[in-house]
Protein chains: 2
Amino acid sequence: MNDNKGKKTCQAWARLMRVSTKLLQDIELDLKAANLPSLDWYDVLLEVRNAQPNWLRPVDIQQKMLIQQYNISRLIERLVKEGLVTRKSCDCDKRGQYIVLEPAGHDLLNKMWPIYKAAIDRHFGDKLNVGEVSSLTQILSKL
Amino acid sequence: MNDNKGKKTCQAWARLMRVSTKLLQDIELDLKAANLPSLDWYDVLLEVRNAQPNWLRPVDIQQKMLIQQYNISRLIERLVKEGLVTRKSCDCDKRGQYIVLEPAGHDLLNKMWPIYKAAIDRHFGDKLNVGEVSSLTQILSKL
DNA sequence: AATATATAGATGCATCTGCATGTAATGTCA
DNA sequence: TGACATTACATGCAGATGCATCTATATATT
């Protein structure tokens with residue numbers, strides 16, 4: 001039988017995995033080379049900042065980031081330990097808590113962004129033209 | 001200033017990360033639901049089989065899979081423990097070793113593939129038409 | 001050949017993740 | 001209201017990963 005689409009699909013899948021893994025590795029390496037923490041710290045802090053003036057709860061962040069409950073729990077634990085965020089008790093639901101961005105967290109975001117941005121450009125953006133970028137976005141949006 | 005490409009690039013980057021992470025999670029979940037091991041086991045076994053009739057060395061697999069040396073070392077350790085591959089001493093370089101696919105490894109590949117294939121289709125292939133698949137492949141090939 | 005350098009692979013230790021489960025608070029429904 | 005199910009978050013334990021380093025062999029340099 002001639003399962004042409006099947007073959008092409010698997011090839012595309014393999015390439016997608018390979019490329020995204022490699023890109024992530026390379027970009028994380030750039031951050032590490034600048035003595036900056038990894039992207040998941042950035043993502044949490046950014047979500048918290050973007051939600052301002054509202055506060056997010058761990059469960060909100062977890063859903064936005066598509067990670068496991070226990071992972072966000074411990075990730076926040078580390079951020080708290082570094083003074084980047086604090087926990088604030090949540091009156092409307094005593095099981096819960098709000099995550100508050102501290103100045104140190106805000107500063108870290110600002111410090112990471114230029115490096116992160118440059119890495120995205122270097123490893124990703126610079127290799128595609130505008131048409132390819134929007135075409136990629138459009139295709140990915142179907143997934 | 002009007003950095004339109006910059007914005008689009010970051011958006012595409014974010015979507016690429018989000019989509020690839022989600023796809024990987026979903027497909028790994030399908031494997032786990034079928035009581036099968038994770039994709040990195042599959043990848044190692046597949047590389048070893050594809051290289052036949054030649055044998056691969058850990059360092060070869062490591063390069064093909066873009067993972068760290070200590071990770072491939074331990075991954076192979078687990079595969080050996082499960083009887084999926086064996087190590088064979090390497091005459092031409094006494095530091096090295098060959099990785100030999102055992103029947104159990106071959107069987108596991110055959111058992112995983114239908115599930116893996118179905119998961120790729122369900123979460124990825126079925127959501128794109130042929131044109132999108134080749135366009136995606138083409139764009140990713142530039143990265 | 002003798003020495004220095006590089007490469008293949010393993011491993012101790014700390015950190016991180018997955019899984020199962022625990023605790024406490026909330027929501028549901030008779 | 002009381003009993004039961006659900007949700008938010010934390011955590012003990014086992015397994016996986018990152019980092020640095022070790023051993024052994026191979027290669028390059030003189």
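Everything numeric in this text was worked out from a predicted model, so none of it was measured. So you know, we letter chains A, B, ... as the sequences are listed, proteins then strands, and number each from 1.
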[X] [atom1] to [N] [atom2]: how many Å, rounded?
X       : N      : atom1 : atom2 : answer
B/Gln68 : C/dA8  : CD    : P     : 14 Å
B/Glu77 : C/dA8  : CD    : C1'   : 16 Å
A/Arg95 : D/dT7  : CZ    : C1'   : 4 Å
A/Leu75 : D/dA10 : CG    : P     : 12 Å

Would you say [X] reaches [N]'s phosphate, i.e. side-chain N/O to OP1/OP2 under 4.0 Å?
X       : N      : value
B/Lys32 : C/dC19 : yes
A/Asn71 : C/dG18 : yes
A/Gln97 : D/dA10 : yes
A/Arg78 : C/dT17 : yes
B/Arg57 : C/dA8  : no
B/Ser73 : C/dA10 : yes

### Task
Could you check whether A/Arg74 gets within reach of a base, just the sugar-phosphate, or nothing at all, counting any heavy atom under 4.0 Å?
base
### Query
Quick one: does B/Leu56's side chain get under 4.5 Å of B/Gln97's, heavy atoms only?
no
### Task
Select one nucleotide: of D/dA10, C/dA25, D/dG18, the one nearest the side-chain heavy atoms of A/Arg87.
D/dA10
### Message
I'd like to know if B/Gln69 reaches the base of C/dA8 with its side chain such that a donor and an acceptor end up less than 3.5 angstrom apart.
### Response
no
### Query
How are the rings of B/Trp55 and B/Tyr98 set relative to one another: parallel (under 30°), tilted (30 to 60°) or perpendicular (over 60°)?
tilted
### Message
Is it the case that the side chains of A/Ser38 and A/Glu28 hold a donor-acceptor pair, with the cut-off being a distance below 3.5 Å and no angle test?
### Response
no
